[in-house]
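In this chain, numbering begins with 1 at the start of the sequence shown.
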Amino acid sequence: MPSPTSRLTITGILTGLAATFLLSSPASAAPRAPGDFTGHGFDACVAPNQSTMDAWNLRSPFTAIGIYVSGSSRYCGDAYQPNLSKAWVATNAANGWRFMPIHVGRQAPCFVNNPDSRVQKKRMSYTVSLARSQAREDAAETIAALVKYGFGAGSYSYLDLEWYARTAKCDNVVLEFVDAWTEYLHDHGYKSGVYSSGSAAIAAIDAARTSERPSFTKPDQLWIAWTNKVADTDGGPYLADDGWADHQRIHQYHNGVTMTYGGKSINIDKDFLDVGRGSVAVKDARPCGVAMSFTSYPQLSVGSKGPEVAALECLLHEQGFLTTVNETFGSATAKAIDAFRKTKGWAPVGHTTRPTWTALLSAGPIPHVLKQGTVGLSVWRLQRALIAAGLHPRLTGIFDSSTITAVKAYRKANGLTQYSTAEKSVWSLLQRGKLG
């Protein structure tokens with residue numbers, strides 16, 4: 001991660017402020033930090049301006065962003081965050097972004113500062129009791145920052161512990177600090193994450209888990225820096241597969257790369273997340289009480305029978321063209337199809353076509369942006385429409401790799417730029433019955 005800076009004075013008042021703000025910040029209204037998600041994220045030194053966030057939301061594969069919210073050792077401190085505010089968080093949360101709030105406070109007692117750095121990071125005391133007190137101060141500071149930016153109870157703060165040369169003495173203090181930090185966050189209704197190099201604090205924390213270190217309160221999530229350039233949550237040689245295995249990992253897999261989307265460039269670290277419950281599909285809707293999802297949508301005409309007919313009639317009913325829904329294609333259904341086709345400027349045919357299915361299945365409100373890891377009824381609707389258009393996403397209710405492949409193929413077939421997202425331009429074509 002980029003190195004940190006800010007000079008915040010920690011006082012006992014912070015603890016009281018954090019507790020007071022917590023009571024007035026309902027989790028139900030809070031942005032997701034980070035929530036349930038499996039997919040791509042990034043972190044950057046400075047929170048990007050809104051035009052950059054909007055361009056990246058539309059065009060990039062990223063859905064989560066790491067933001068530096070607190071810590072006396074932030075290189076990207078308040079003075080270097082011209083964009084970050086509660087309003088910025090709220091706006092981008094409404095656009096679908098998820099957040100990884102980062103705290104860069106005291107570092108390992110054996111951490112060695114770069115003498116050329118404009119910020120000389122503070123270090124934990126080697127005295128365990130003092131280090132634990134310092135951890136609680138840092139935790140109080142980050143809670144106040146979470147509340148300041150609109151994150152409610154249940155949100156995570158990720159303690160950034162930069163690389164240090166491990167020794168038993170140094171590890172012991174780091175683990176005591178992590179334990180106290182985590183306990184304080186838990187006591188105040190928040191969740192604990194730790195970011196570090198795989199070979200530093202991550203390895204030390206996992207060793208504490210496997211050795212069953214007495215009275216050690218494990219952080220809820222680990223964010224491992226291991227730059228193998230593979231977008232997954234593998235811990236490599238540093239984090240055993242059975243540790244933090246229940247959607248509790250973030251992997252920073254590629255550092256210091258400049259990416260450009262929509263003409264907006266940022267130097268970022270790339271991350272892959274599997275957090276919360278992961279991306280879990282919502283139950284597929286059954287309007288009219290009938291199934292809507294099929295692996296193909298066949299041509300139907302007068303006399304056709306079966307569940308696909310019921311799905312067709314339900315779609316026509318939802319659009320106001322048909323009253324009765326059953327599994328028999330009659331003359332009323334044929335008339336309803338032609339009435340729907342007329343709204344598209346198409347000639348009457350009295351039976352279904354692939355464009356008819358595509359337009360009917362995609363009908364409805366246009367969601368903002370769908371991309372990898374997105375879930376919801378709009379994803380089911382998108383997958384069904386793409387199948388009708390001749391493509392082959394899996395019917396999962398999750399915007400997964402097969403949906404990305406289908407969306408990119410659809411965009412290419414219709415002359416759209418090769419993003420991996422589904423937004424207004426894709427929906428507009430689907431609702432006009434354009435095929436893939």
Side-chain angles (χ1 to χ4, degrees), residues 57-58 96 281-288 290-300 307-322 325 333 336-349 351-436:
N57 193 31
L58 180 64
V282 302
K283 187 176 181 180
D284 194 2
R286 292 175 66 93
C288 318
V290 303
M292 303 299 294
S293 294
F294 302 94
T295 55
S296 65
Y297 293 87
Q299 180 172 310
L300 302 173
E308 291 87 352
V309 174
L312 169 67
E313 291 180 338
C314 180
L315 291 166
L316 291 166
H317 171 75
E318 293 286 295
Q319 294 297 308
F321 295 104
L322 191 64
V325 176
T333 308
I337 286 175
D338 286 344
F340 174 73
R341 290 178 60 85
K342 185 176 181 179
T343 66
K344 302 295 180 183
W346 302 341
V349 293
H351 59 76
T352 61
T353 63
R354 285 174 57 203
T356 303
W357 274 117
T358 302
L360 278 169
L361 288 163
S362 60
I366 295 177
H368 185 61
V369 179
L370 304 181
K371 57 176 66 176
Q372 183 168 2
T374 305
V375 299
L377 294 179
S378 293
V379 177
W380 287 110
R381 189 156 55 102
L382 174 68
Q383 290 171 338
R384 291 193 290 258
L386 289 170
I387 289 171
L391 299 162
H392 306 284
R394 294 189 298 269
L395 280 163
T396 61
I398 303 171
F399 200 111
D400 57 12
S401 59
S402 74
T403 307
I404 290 173
T405 299
V407 165
K408 292 178 76 172
Y410 186 81
R411 296 182 71 102
K412 182 177 181 180
N414 287 280
L416 298 178
T417 308
Q418 287 296 282
Y419 309 138
S420 59
T421 59
E423 30 61 53
K424 183 177 180 180
S425 61
V426 171
W427 287 97
S428 176
L429 290 168
L430 288 169
Q431 292 181 351
R432 286 155 53 196
K434 298 296 183 180
L435 304 181

Tell me every residue that passes side-chain contact (heavy atoms from CB on, under 4.5 Å) with Thr343, counting only those two or more places apart in sequence or in another chain. Phe321, Phe340
Which pair of heavy atoms, one from Leu58 and one from Thr421, lies closest together, and at what distance? O-OG1, 2.6 Å
Would you give the length of the straight line joining atom OG of Ser428 to atom CD1 of Ile366, rounded to the nearest 0.5 angstrom? 6.0 Å
Do His351 and Ile337 come close enough that some side-chain heavy atom pair is under 4.5 Å? no
With sequence neighbours left out, what residues match Ala291 under side-chain contact (heavy atoms from CB on, under 4.5 Å)? Arg286, Phe294
Set of residues satisfying salt bridge (charged side-chain N to carboxylate O under 4.0 Å, His left out) with respect to Arg432, sequence neighbours excluded: none
By side-chain hydrogen bond (donor to acceptor under 3.5 Å, both in side chains), Asp284 pairs with (sequence neighbours left out) Ser293, Arg384
For Ser362 and Leu430, indicate whether the former's side chain and the latter's backbone hold a donor-acceptor pair under 3.5 Å. yes
Are Leu382 and Val407 side-chain neighbours, meaning at least one heavy-atom pair lies under 4.5 Å? yes
If we only count heavy atoms from C-beta on, is the Leu416 to Leu429 side-chain gap below 4.5 Å? yes
Can you give me every donor-acceptor pair (side chain of residues 394-402, partner residue at least two apart or in another chain, under 3.5 Å) with its distance?
{"from": "Arg394", "atom 1": "NH2", "to": "Asp400", "atom 2": "OD2", "distance (Å)": "3.2"}
{"from": "Thr396", "atom 1": "OG1", "to": "Gln383", "atom 2": "NE2", "distance (Å)": "3.3"}
{"from": "Thr396", "atom 1": "OG1", "to": "Ile398", "atom 2": "N", "distance (Å)": "3.1"}
{"from": "Thr396", "atom 1": "OG1", "to": "Ile398", "atom 2": "O", "distance (Å)": "3.0"}
{"from": "Thr396", "atom 1": "OG1", "to": "Asp400", "atom 2": "OD2", "distance (Å)": "3.2"}
{"from": "Asp400", "atom 1": "OD1", "to": "Ser402", "atom 2": "N", "distance (Å)": "3.3"}
{"from": "Asp400", "atom 1": "OD1", "to": "Ser402", "atom 2": "OG", "distance (Å)": "2.9"}
{"from": "Asp400", "atom 1": "OD1", "to": "Thr403", "atom 2": "N", "distance (Å)": "3.0"}
{"from": "Asp400", "atom 1": "OD1", "to": "Thr403", "atom 2": "OG1", "distance (Å)": "2.9"}
{"from": "Ser402", "atom 1": "OG", "to": "Arg394", "atom 2": "N", "distance (Å)": "2.9"}

Close side-chain approach of Ser420 and Gln372, heavy atoms under 4.5 Å: no
Considering all heavy atoms, the nearest Gln431-Ala359 contact: O-CB, 3.6 Å
Taking the side chain as everything from C-beta on, heavy atoms only, tell me whether Val349 gets closer than 4.5 Å to Asp338. yes
Pair listing, ring-ring contact (aromatic ring centres under 6.0 Å, His included) test, anchored in residues 356-387, at least two apart: Tyr297-Trp357
Are Pro393 and Thr405 side-chain neighbours, meaning at least one heavy-atom pair lies under 4.5 Å? no
Output every pair passing salt bridge (Lys or Arg N to Asp or Glu O under 4.0 Å) with a member in residues 354-369, not counting sequence neighbours, ordered by first then second residue. none
Interatomic distance, CG@Leu386 vs NE2@His392, rounded to 0.5 Å, equals 11.0 Å
Checking Arg381 now: which residues fulfil salt bridge (charged side-chain N to carboxylate O under 4.0 Å, His left out) with it, not counting sequence neighbours? none
Any pair with a residue in residues 362-378 that passes salt bridge (Lys or Arg N to Asp or Glu O under 4.0 Å), sequence neighbours left out, goes on the list, sorted by first then second residue, please. none
Determine the minimum heavy-atom distance between Tyr410 and Gly436, stating which atoms define it. CD1-CA, 3.7 Å
Show me the pairs that pass salt bridge (Lys or Arg N to Asp or Glu O under 4.0 Å) and involve residues 401-428, at least two apart or across chains. Arg411-Glu423
When the side chains of residues 310-320 are checked against the rest of the protein, which donor-acceptor pairs come out under 3.5 Å, sequence neighbours left out?
{"from": "Glu313", "atom 1": "OE1", "to": "Asn326", "atom 2": "N", "distance (Å)": "2.7"}
{"from": "Glu313", "atom 1": "OE2", "to": "Thr333", "atom 2": "OG1", "distance (Å)": "2.7"}
{"from": "His317", "atom 1": "ND1", "to": "Leu322", "atom 2": "O", "distance (Å)": "2.9"}

Residue Lys342 excluded, over 12 heavy atoms near NZ under 6.0 Å: no
Would you confirm whether Thr358, through its side chain, and Lys434, through its main-chain N or O, come within 3.5 Å as a donor-acceptor pair? no
